[in-house]
*Asks:* 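Here you go, one structure.
First the proteins, then the strands, lettered A, B, ... as listed; each starts at 1.
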2 protein chains.
Amino acid sequence: MATIYQVSEMAGVSLSTVSRVLNDNDYVSKKTKKKVLEAMKELGYQPSSIARSLASSTTNSVGILVSELDGPFFGQMMSAIEEHLRIAGKHVIITPGHSDEKKEKSGFEFLIGRNCDAIIAHVEAVSNEYLIELSKGKTPIYLMSRYVKEIEENCISLDNVMGGYLATKAMINKGHKNIAYIAGPQFKEDASNRLKGHKQALAEYNLTFDENLFYIGDFKETGGSDGLRHFIQNKAQITALVCANDEMASGAMKYAREHGFNLPKDLAIIGFDNVIFTNYLYPTLTTIDNPVPEMGRAAANLVLKDIYKKSGITIKHVFQPKLILRDSTPDIN
Amino acid sequence: MATIYQVSEMAGVSLSTVSRVLNDNDYVSKKTKKKVLEAMKELGYQPSSIARSLASSTTNSVGILVSELDGPFFGQMMSAIEEHLRIAGKHVIITPGHSDEKKEKSGFEFLIGRNCDAIIAHVEAVSNEYLIELSKGKTPIYLMSRYVKEIEENCISLDNVMGGYLATKAMINKGHKNIAYIAGPQFKEDASNRLKGHKQALAEYNLTFDENLFYIGDFKETGGSDGLRHFIQNKAQITALVCANDEMASGAMKYAREHGFNLPKDLAIIGFDNVIFTNYLYPTLTTIDNPVPEMGRAAANLVLKDIYKKSGITIKHVFQPKLILRDSTPDIN
DNA sequence: TGTGTTTTTACTCGCGCTTTATAAAAATAT
DNA sequence: ATATTTTTATAAAGCGCGAGTAAAAACACA
């Protein structure tokens with residue numbers, strides 16, 4: 001691998017001259033610049049970003065810490081952030097935290113150790129205190145889908161309480177009274193907030209929250225099927241099912257169909273997140289839109305503004321969910 | 001940020017001693033080791049992997065270059081590779097190539113510049129020649145879902161021709177004669193091989209390949225709907241539809257339903273890849289299993305063996321697809 | 001021709017760590 | 001007690017680059 005030194009030798013100039021044409025800021029005469037450029041091409045020179053980082057303590061790369069590498073939700077998120085950052089010439093380094101405290105912490109450490117200029121994290125298992133403490137370090141931390149008051153300027157979040165409220169209210173408005181709820185793991189902030197919204201909606205319409213119509217799932221397809229099985233086995237009389245995310249809703253739909261339900265007539269189902277495939281289910285799934293791509297762009301913009309000093313950017317920190325009515329929640333008569 | 005120097009000072013030993021306990025290979029007495037470890041903890045010391053890489057020219061990280069960050073196929077792939085590598089203490093750096101030649105090349109450059117110990121790539125736009133040339137460089141390249149003869153030892157691939165063959169043959173076996181095919185972008189090797197398999201199956205059963213029953217889609221949901229629309233508008237009389245991947249199949253299903261088809265009776269549909277959501281569609285989608293997770297693990301194992309000298313590993317290079325029969329392809333009578 | 005400016009280039013140090021070669025200390029043998 | 005081996009620690013060089021400072025070259029003006 002050619003180094004800057006060999007380039008300088010070949011071009012007959014000093015090291016720093018080469019360095020200067022690399023970062024093309026300082027004064028270099030056109031003639032020498034050309035010479036250097038030619039030498040670079042000749043040698044197939046590729047600057048080592050590692051060495052660069054060490055010397056300049058800036059890497060032009062931002063770390064992304066997500067829960068999972070797969071799953072439509074995180075896919076959209078990573079994609080939106082990366083795309084937006086790439087335009088600005090920044091790169092991303094992605095690592096998963098698997099919703100596990102240890103792994104999330106080790107993910108942060110990895111990213112910090114790699115001198116990321118900033119980290120955008122979607123973490124669920126670490127405590128707020130940890131995050132606040134971490135934010136005092138040299139690497140700025142930005143949080144996706146999580147609101148921590150002490151560092152709210154670094155948070156991009158969705159109003160999940162409102163989302164949960166909208167979902168259940170939609171069912172109530174359709175005329176349902178026996179509404180079951182499949183929640184997500186309650187240590188996850190968005191899951192608990194969505195549940196909170198569900199309860200608010202029930203309360204507003206004088207419906208009581210019934211433990212028998214409540215199940216905690218895993219945010220995956222299995223959570224939906226397990227939840228519905230639970231309700232059926234307990235002979236719960238329900239006409240509507242609210243799921244805390246789309247994966248669980250789709251799992252519930254499949255389970256329902258396999259157990260003789262005629263969808264959507266026998267059971268109305270609503271999801272949450274509006275991931276792509278909801279629109280390809282049958283019946284198409286009513287859900288709550290979670291504007292992940294926009295939020296990803298907002299996070300990217302935030303680091304562009306804070307870290308890379310791009311001007312003229314205004315950031316929205318809290319996003320609003322929106323009800324998307326489709327076929328899985330028909331009017332009842 | 002604490003450096004190795006401050007640790008050495010605090011522990012009252014030399015730099016290199018600290019370095020040795022870090023890499024705990026050479027001889028260090030238990031006593032000094034303990035002293036150093038304590039000093040590290042006290043200072044909250046975190047070794048800078050950047051500096052480490054520069055000095056040792058090894059990073060314990062492997063680059064992953066995928067087409068897209070979202071999409072169930074790539075999600076599974078990234079996840080499988082990462083999980084397997086993480087066990088061995090290696091990290092991944094992921095970057096997308098967007099099936100675009102320039103972007104794929106820049107992805108390679110980025111990863112190489114970051115001194116990845118190896119790169120696992122799923123690329124579609126760059127030429128075989130480029131890949132062969134690249135393989136001569138200092139960073140070993142491994143290819144997912146692509147077979148290049150000259151570097152076959154570094155390839156993990158699926159027998160896509162066989163997959164395409166199995167899909168169409170399944171339809172023929174169900175009794176269909178008017179079988180339409182929605183292919184993927186033909187510059188992608190897997191897409192063109194699947195098509196090849198389709199043609200083989202047709203030939204084997206003396207069915208002629210009909211341009212009117214052929215459409216090239218984009219491997220996304222829209223490709224499926226566009227394709228089916230095309231056939232309908234051209235008044236093609238078809239009873240079966242073979243799609244080159246699951247996303248297109250799901251798009252086609254939706255379009256079919258919206259246009260009065262009674263699925264699966266009026267139109268049998270088969271996909272390809274067996275991504276998770278196929279099992280949650282209605283009717284559940286018959287498809288060709290693409291063992292992505294296994295292939296991901298194989299790729300990870302390959303670099304573990306080649307690069308990190310882990311022993312006792314045998315690698316399978318070519319994987320076989322498998323027909324997964326579900327409800328979208330009923331028997332016809 | 002000499003002095004003052006401006007433009008261009010070269011040197012040197014250091015980023016935080018690994019890695020020799022080498023010295024010092026401890027353990028063992030004679 | 002001394003020589004010899006084994007174990008442990010040190011010092012110094014260098015990985016590839018950036019940045020600040022010093023020096024050289026080019027130019028301008030009188």
Side-chain angles (χ1 to χ4, degrees), chain A residues 1-37 39-40 43-61 109-117 137-139, chain B residues 1-37 39-40 43-61 109-117 137-139:
Chain A
M1 209 57 186
T3 76
I4 199 175
Y5 178 74
Q6 321 194 28
V7 175
S8 82
E9 215 174 24
M10 182 157 197
V13 298
S14 82
L15 286 185
S16 23
T17 304
V18 178
S19 170
R20 260 176 283 112
V21 350
L22 262 181
N23 303 288
D24 82 356
N25 42 2
D26 269 300
Y27 301 90
V28 185
S29 68
K30 271 199 180 142
K31 230 170 45 190
T32 37
K33 186 167 179 178
K34 202 180 147 203
K35 264 197 309 192
V36 171
L37 253 23
M40 285 198 206
L43 289 165
Y45 169 74
Q46 269 289 110
S48 148
S49 59
I50 298 270
R52 252 175 152 168
S53 301
L54 187 58
S56 68
S57 71
T58 159
T59 58
N60 280 325
S61 66
E109 279 163 19
F110 170 65
L111 261 15
I112 292 172
R114 291 212 79 84
N115 273 22
C116 290
D117 297 337
K138 65 162 186 175
T139 309
Chain B
M1 210 58 185
T3 77
I4 200 175
Y5 178 75
Q6 320 193 26
V7 174
S8 81
E9 216 173 23
M10 182 157 197
V13 298
S14 80
L15 285 187
S16 24
T17 304
V18 178
S19 170
R20 259 177 283 111
V21 349
L22 261 182
N23 302 290
D24 82 356
N25 42 2
D26 269 298
Y27 300 91
V28 185
S29 68
K30 275 205 177 132
K31 231 172 44 192
T32 37
K33 185 167 180 177
K34 203 180 144 202
K35 262 197 312 192
V36 171
L37 252 23
M40 285 196 202
L43 289 166
Y45 170 73
Q46 268 292 110
S48 148
S49 57
I50 298 271
R52 248 176 152 168
S53 302
L54 186 59
S56 68
S57 69
T58 159
T59 58
N60 279 325
S61 65
E109 278 163 19
F110 170 65
L111 261 13
I112 291 172
R114 292 214 78 85
N115 273 21
C116 291
D117 297 337
K138 65 161 186 178
T139 308

*Asks:* Kindly write out the residues that satisfy ring-ring contact (aromatic ring centres under 6.0 Å, His included) with B:Tyr45, not counting sequence neighbours, or none if the list is empty.
*Replies:* none
*Asks:* Does some side-chain heavy atom of B:Leu43 sit less than 4.5 Å from a side-chain heavy atom of B:Glu9?
*Replies:* no
*Asks:* To the nearest angstrom, how far is A:Lys35 atom NZ from C:dT8 atom P?
*Replies:* 13 Å
*Asks:* Polar pairs (N or O, both sides) under 3.5 Å between protein and nucleotides 14-16 of chain C?
*Replies:*
unit_1 : atom_1 : unit_2  : atom_2 : d
C:dC15 : O2     : A:Leu54 : O      : 3.4
C:dC15 : O2     : A:Ala55 : N      : 3.3
C:dG16 : N2     : B:Ala51 : O      : 3.4

*Asks:* Side chains of residues 12-22 of chain B: which donor-acceptor partners sit under 3.5 Å, not counting sequence neighbours?
*Replies:*
unit_1  : atom_1 : unit_2  : atom_2 : d
B:Ser14 : OG     : B:Ser16 : N      : 3.4
B:Ser14 : OG     : B:Ser16 : OG     : 3.3
B:Ser14 : OG     : B:Thr17 : N      : 3.4
B:Ser14 : OG     : B:Thr17 : OG1    : 3.2

*Asks:* Please determine whether side-chain contact (heavy atoms from CB on, under 4.5 Å) holds for the pair B:Val7 and B:Lys35, giving the CA-CA distance in whole Å, both sets of side-chain angles, and the decisive distance to 0.1 Å.
*Replies:* CA-CA 10 Å; B:Val7 174; B:Lys35 262 197 312 192; over 6 Å; no
*Asks:* Can you tell me if B:Ser49 uses its side chain to pair, donor with acceptor, with the backbone of A:Gly113 under 3.5 Å?
*Replies:* yes
*Asks:* For B:Asn60 and C:dC17, what is the distance between atoms CG and C1' respectively, to the nearest whole Å?
*Replies:* 14 Å
*Asks:* Distance check needed: D:dC17 P versus A:Asn115 CG, whole Å only.
*Replies:* 17 Å
*Asks:* Are A:Ile112 and B:Gln46 close enough that some pair of their side-chain heavy atoms sits under 4.5 Å apart?
*Replies:* no
*Asks:* Measure across B:Ala51 and A:Leu54 and return the closest heavy-atom pair with its distance rounded to 0.1 Å.
*Replies:* CB-CD1, 3.8 Å
*Asks:* Can you tell me the distance, in whole Å, between the CZ atom of A:Arg114 and the P atom of C:dC17?
*Replies:* 14 Å
*Asks:* Which residues satisfy the side-chain contact (heavy atoms from CB on, under 4.5 Å) test with A:Ser56, sequence neighbours excluded?
*Replies:* A:Thr58
*Asks:* Looking at A:Arg114 and B:Ile50, what are the two nearest heavy atoms and their distance?
*Replies:* O-CD1, 3.4 Å
*Asks:* Quick check on the helix from C:dT1-D:dA30 to C:dT30-D:dA1: what's the angle between its two end axes, five base pairs per end, to the nearest 10°?
*Replies:* 50°
*Asks:* What does nucleotides 6-13 of chain D look like as a protein-contact string, B for base, S for sugar-phosphate only, - for none, at under 4.0 angstrom between heavy atoms?
*Replies:* --SBBB--
*Asks:* Would A:Asn23 and A:Arg52 count as a side-chain contact (heavy atoms from CB on, under 4.5 Å) here? Give the steps.
*Replies:* CA-CA 11 Å; A:Asn23 303 288; A:Arg52 252 175 152 168; 3.2 Å; yes
